[in-house]
2 protein chains.
Amino acid sequence: MVHADSSNFAQGMSKKEVYAQVLEQARALFDGQRNWVCNFANTASLLWHAYHSLPAPSQSVNWAGFYFTNPTNPSQLLLGPFHGQVACQTIAFGRGVCGTAAEEKKTQVVRDVELFPGHIACDGKSRSEIVVPVLKEGKVVAIIDVDCEEVDGFTREDQDALEELAELLALSCDF
Amino acid sequence: MVHADSSNFAQGMSKKEVYAQVLEQARALFDGQRNWVCNFANTASLLWHAYHSLPAPSQSVNWAGFYFTNPTNPSQLLLGPFHGQVACQTIAFGRGVCGTAAEEKKTQVVRDVELFPGHIACDGKSRSEIVVPVLKEGKVVAIIDVDCEEVDGFTREDQDALEELAELLALSCDF
């Protein structure tokens with residue numbers, strides 16, 4: 001199998017099946033490779049193609065990727081690998097949805113970003129967002145960030161799958 | 001302007017105008033930000049959206065991004081930020097189009113990858129490729145890699161623009 005096939009998701013699969021493929025392919029891709037940049041880059045591609053194989057609202061995902069904790073400033077997130085349009089380079093811990101997830105070490109599922117206090121609009125088209133912290137030895141080393149152009153784009157099922165992915169990333173990568 | 005607008009390319013622009021926007025936006029995004037992961041991530045997005053705003057063959061670009069020299073193994077490239085389908089995690093210097101560009105410190109423009117000795121097929125759909133080394137103090141720190149689903153996808157104009165981008169990245173980022 002060539003690598004590109006990892007991110008080919010068959011049409012008609014359920015969200016559960018799609019996330020199972022994301023996790024299975026991620027485990028296979030991380031086997032023998034602990035570099036976080038490399039593993040995050042492939043994971044952003046997996047997530048992007050996963051969402052776009054699903055019906056609405058998932059196919060309206062317009063950004064999927066990562067921010068990572070700045071090694072020289074541990075209260076700042078820096079933009080990591082992603083798929084989507086150009087994004088803000090830095091986010092302070094505590095600011096917006098990403099910064100809140102990093103500060104509180106807790107997943108944020110935001111039905112409507114326009115109602116979230118202090119929301120940072122990198123893209124005015126984004127209407128809902130999920131942010132999951134990646135914790136290593138109790139510290140936030142990165143966050144998974146996914147934006148959707150529809151309100152209410154993410155459910156408990158997305159949260160559970162992305163939290164499993166965050167655990168896998170923390171275990172599989174050196175930061 | 002929100003960040004996403006940096007990667008909105010008006011329809012109908014020439015390739016020259018599109019690359020000028022890529023370079024202008026890259027310079028603006030790198031201003032005050034020297035983290036290479038962050039800057040490569042936004043640049044991959046700029047390139048992806050640039051090619052997809054152009055007519056064929058550029059709109060048939062199916063991968064745009066980076067490999068970087070493994071800090072713990074200086075004869076190996078590791079996958080960096082990109083847009084496109086999942087890709088090979090590691091490439092040895094000297095292997096395939098990317099490895100040849102890294103080894104020879106020289107841009108490779110490959111009309112038909114199937115005729116390139118030792119081509120590494122991360123994606124069987126790719127038919128042509130351009131790879132430009134990013135040199136810092138005489139060493140290859142990374143390569144820019146763009147694949148196209150059409151034969152003969154890249155011209156001298158692509159080479160000149162991507163070499164200018166490679167110089168900008170080398171000057172603007174710490175590795």
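Here is how names work: the chains are called A, B, and so on, in the same order as the sequence lines, proteins then strands, and each is numbered from 1.
- In this structure, the salt bridge (charged side-chain N to carboxylate O under 4.0 Å, His left out) partners of B:E164, at least two apart in sequence or on a different chain, are B:R27.
- Per-residue heavy-atom pair counts under 4.5 Å with chain A were compared for B:T43, B:N35, B:N70, and the maximum is reached by B:N35.
- Residue B:S126 does not touch chain A at all, counting heavy-atom pairs closer than 4.5 Å.
- Taking the six-membered ring where the residue is Trp, the centroids of B:F30 and B:F40 are separated by 6.0 Å or more.
- When hydrophobic clusters are built by joining Ile, Leu, Val, Met, Phe, Trp and Tyr residues whose side-chain heavy atoms come closer than 4.5 Å, directly or via intermediates, B:L46 is not grouped with B:Y67.
- When each of A:G32, A:G80, A:S7, A:P71 is scored by its heavy-atom pairs under 4.5 Å with chain B, the top score falls to A:S7.
- Remark: side-chain polar atoms of A:T100 are paired, donor with acceptor, to backbone N or O of A:G96 under 3.5 angstrom.
- Only the side chain of B:H49 has a heavy atom closer than 4.5 Å to any heavy atom of chain A.
- A salt bridge does not link A:K16 to A:E157: none of the charged nitrogens lies less than 4.0 Å from a carboxylate oxygen.
- Within the 4.5 angstrom heavy-atom criterion, no atom of B:I120 approaches chain A.
- Heavy-atom pairs under 4.5 Å with chain B were tallied for A:C122, A:G65, A:A44, A:G124; the largest tally goes to A:C122.
- When the candidates B:N62, B:D123, B:L29, B:L78 are compared by the number of heavy-atom contacts under 4.5 Å with chain A, B:L29 comes out ahead.
- Of the two parts of A:Q33, only the side chain, counted from C-beta on, holds a non-hydrogen atom closer than 4.5 Å to a non-hydrogen atom of chain B.
- Side-chain contact between A:F68 and A:V37 is absent, with no heavy atoms from C-beta onward closer than 4.5 Å.
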